[in-house]
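First the structure, in the form of structure tokens, and then the observations on it.
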Amino acid sequence: MLYFAPWKIALIVGAIVVGVLFSVPNFVPESVRLEQTSSEGEAPEPKGIWTILPHQTVNLGLDLRGGSHIVFEVDMEEVREERLTNLAEDVRNTLRTSPPIFSARPAVVGDEVVVRLSDAEDMDAAMARLRDLNEPVTTTGGGQGMAQTLDISRGEDGQTIRLSVTDAAFEAIQQRTVSQSINVIRRRIDSTGTTEPTIARQGDDRVLVQVPGESNPQRIIDLVGTAARLTFHMVESDVDIGPAGEARTPPGVMVLPYPGAAEFGASPYIAVQRRALITGDQLVDSSQQFQDGQVVVAFRFNTSGATAFGEATSQNVGRRFAVVLDGEVISAPRINSPILGGSGIIEGGFTVQSASDLANMLNAGALPASLTPVELRTVGPGLGQDSIEAGQTAVLIGFALVILFMLAAYGSFGVVSTVALLVNVVLILGALSGLQATLTLPGIGGIILTIGMAVDANVLIFERIREEYRNGRTVVNAVEIGYDRAFAAILDANVTTFIAASVLYMMGAGPVRGFAVTLGIGILTSVFTAFTFSRLLIAVWLRRSRPKTLAM
């Protein structure tokens, strides 16, 4: 009991020193640790000694730091319309395969695709072909099973076929669309450097987005809500589009808004080929850069995109092509020479922030459907600061009461318990900083609970020591046996609580996760400080004082 191997002492002290180093930045003013943010919007960098020491602080959640709380609704009607439009095109292509079955062009009527055959005798052959479009889909409601994606029926006139998407198929599409939207949203927000955003499904067609520290929710709406569908089209300069873009255009040509042209006194509309040369799906990388003193978005295509872009620019030297984002032209440069390298730039009067946001959106990919903000709340930093101060007060009051109780109940051993508790809190802060975990208001509650659990472990140990001493053992033997016999009970209690915290973390979200994080970390640090560290302190005390009696 009185002997700790040097390597054990070094390990214990080393763990505490590391915890202290990671926790210290939380008590140092930010102005001491960081340079001032540059005018270009670059992230602040640590300076001085903080360039070689840990300088990360605890991430504060939305309830402590303030920020934006937004609920987006996925436009499922748009998803339904797109699915029916694609189905109409599939029907048309299926009937045109050799030998072709002649019919009027398939049309979307309400929630159905309707096609009228030219000859009623082709009905059986057409139905046979269209049944090949009917694929099985896995259902989720009311148990797992398989269902058909389409309802296909004959019209009463014997020449009409009606196709509609089944409820099971649409539910599967809805689930997939929301999941894809969440993935795209997460990639977009993570690319901005925001720490620990909360992004979760809410109901059947809504997505919750919480961004701590973001005081401008409109930026999040613009970043997340933009579909970011990028396409490249050739410009048709010879087409008369009229002063407001309302003139009739030839087949295969469409008129799109071009707000940037107004700066040069040109029409804010432009005619482009309806068929896209290349789409944003073929981009592999994009970034904000500076060129000739202007902010631009640089992009790079994959192999197939680079080949198509090279061929298109080689065949159209001297013409203009339009860069279209979500149905609006953002740039229409002239092709001065073939672009064969598979890369280029987009000019559009960008600021550093808007160019960075566009690059992030393109890298994250396009949204599968439009998002509409239906709930918006901004948590001010003042409210967050009030929560922090209230949490600090609660921790200090709880800590003081615990210390007074331990000193009154166990004397010198209470001092050891107090030191262990202080080290425990420092280690929790160090772990939160090092792991860059998020501290929420429920997380502060988890720290307070951890303090109580650490004291509970000390009480178990000290009561066992007191019992052994009263049974006639010497001070040293009583301490040694007390620690050994209390260890099993302490370990069992903390393991079961740690399992509960793990389940809360895996199954919960937002505040529940915040509580689980601090509770889980606190359990590990409590076992270390209450059993190992306090045992080392008592061993040092026994070696130096060599008491004959135990006053506790």
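All heavy atoms count here, side chains included; hydrogens, waters and symmetry mates do not.
In this structure, OG on S370 lies 8.0 Å from CG on D326, to the nearest 0.5 angstrom. With values rounded to the nearest 0.5 angstrom, L524 atom CG is found 10.0 Å from I428 atom CD1. Note that the CD atom of Q289 and the CD1 atom of I345 stand 8.5 Å from one another [nearest 0.5 Å]. The CG atom of L371 sits 12.0 Å away from atom CZ of R206, with the distance rounded to the nearest 0.5 Å. Expressed to the nearest 0.5 Å, how far OG1 of T166 lies from CD1 of I152 amounts to 10.5 Å. Residue Q202 holds its CD atom at 10.5 Å from CD1 of I182, rounded to the nearest 0.5 Å.
Between the side chains of H233 and Q273, no donor N or O sits under 3.5 Å from an acceptor N or O. Residues R201 and S179 have side chains that bring a donor and an acceptor to within less than 3.5 angstrom of each other. For T94 and D132, the side-chain atoms include no donor-acceptor pair closer than 3.5 Å.
You'll find the side chain of L283 reaches within 4.5 Å of the side chain of F301, heavy atoms only. Here the side chains of I161 and V91 are not in contact, with every heavy-atom distance at 4.5 Å or above. The shortest distance between side-chain heavy atoms of F72 and I70 falls below 4.5 Å. In this structure, V295 and F290 have side chains that are in contact, with non-hydrogen atoms separated by less than 4.5 Å. You'll find the side chain of I270 reaches within 4.5 Å of the side chain of R320, heavy atoms only. For the pair V108/E81, no side-chain contact is recorded, criterion being any heavy-atom separation below 4.5 Å from C-beta on. The shortest side-chain heavy-atom distance between I521 and L435 falls under the 4.5 Å cut-off. Under the 4.5 Å side-chain criterion, counting only non-hydrogen atoms from C-beta, S433 is not in contact with S23.
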Chi angles and distances behind the side-chain contact (heavy atoms from CB on, under 4.5 Å) call for V255, V239: CA-CA 10 Å; V255 177; V239 174; over 6 Å; no

One pair to check against side-chain contact (heavy atoms from CB on, under 4.5 Å): F232 and V323. What are the steps and the verdict? CA-CA 5 Å; F232 297 79; V323 182; 3.8 Å; yes

Evaluate the side-chain contact (heavy atoms from CB on, under 4.5 Å) criterion for residues L340 and S314: first the C-alpha distance (whole Å), next the side-chain angles of each, then the deciding distance (0.1 Å), finally the verdict. CA-CA 8 Å; L340 305 177; S314 297; 3.7 Å; yes

Can you list the steps and then say if S164 with D151 is a side-chain contact (heavy atoms from CB on, under 4.5 Å)? CA-CA 5 Å; S164 62; D151 281 331; 3.5 Å; yes

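Using cut-offs of 30° and 60° for the angle between ring planes, the F321 and F309 rings count as perpendicular.
Counting all heavy atoms, side chain and backbone alike, T231 lies closest to A276 at CB-CB, 4.1 Å. Closest of all the heavy-atom pairs between V115 and S103 is CG2-OG, 3.6 Å. Between T149 and L133, the shortest heavy-atom distance links the atoms OG1-O, 3.9 Å. The minimum heavy-atom distance linking V74 with S181 is given by the pair CG2-OG, 4.3 Å. The minimum heavy-atom distance between A322 and V235, with the atom names listed, is N-CG2, 3.8 Å. Here the closest heavy-atom approach between residue V114 and residue R162 is recorded as CG2-NH1, 3.4 Å.
The backbone N or O of A369 sits nowhere less than 3.5 Å from a side-chain atom of D75 that would complete a donor-acceptor pair. Panel note: side chain Q159, backbone L117; a donor-acceptor pair is recorded below 3.5 Å. Proximity of a side-chain donor or acceptor of D122 to a complementary backbone N or O of F102 within less than 3.5 Å is not detected. S343 places no side-chain N or O within 3.5 Å of a backbone atom of R300 that could act as its donor or acceptor partner.
Heavy-atom contacts from other residues, nucleotides or ligands closer than 6.0 Å to CZ of R319 number more than 12. Shown here is D222, whose CG atom has more than 12 heavy atoms of other residues, nucleotides or ligands within 6.0 Å. Under a cut-off of 6.0 angstrom, the local environment of CZ in R275 is sparse, with at most 12 non-hydrogen atoms contributed by other residues, nucleotides or ligands.
Geometrically, R80 engages F170 in a cation-pi contact defined by less than 6.0 Å to the ring centre and at most 45° from the axis.
Of the listed residues (N183, L208, I189), just one forms a side-chain contact (heavy atoms from CB on, under 4.5 Å) with I199, and that residue is I189. Considering V79, L163, V113, V109 in turn, V113 is the only one that fulfils the side-chain contact (heavy atoms from CB on, under 4.5 Å) rule with L84.
Taking 4.0 Å as the cut-off between side-chain N and carboxylate O, D124 and R154 count as a salt-bridged pair.
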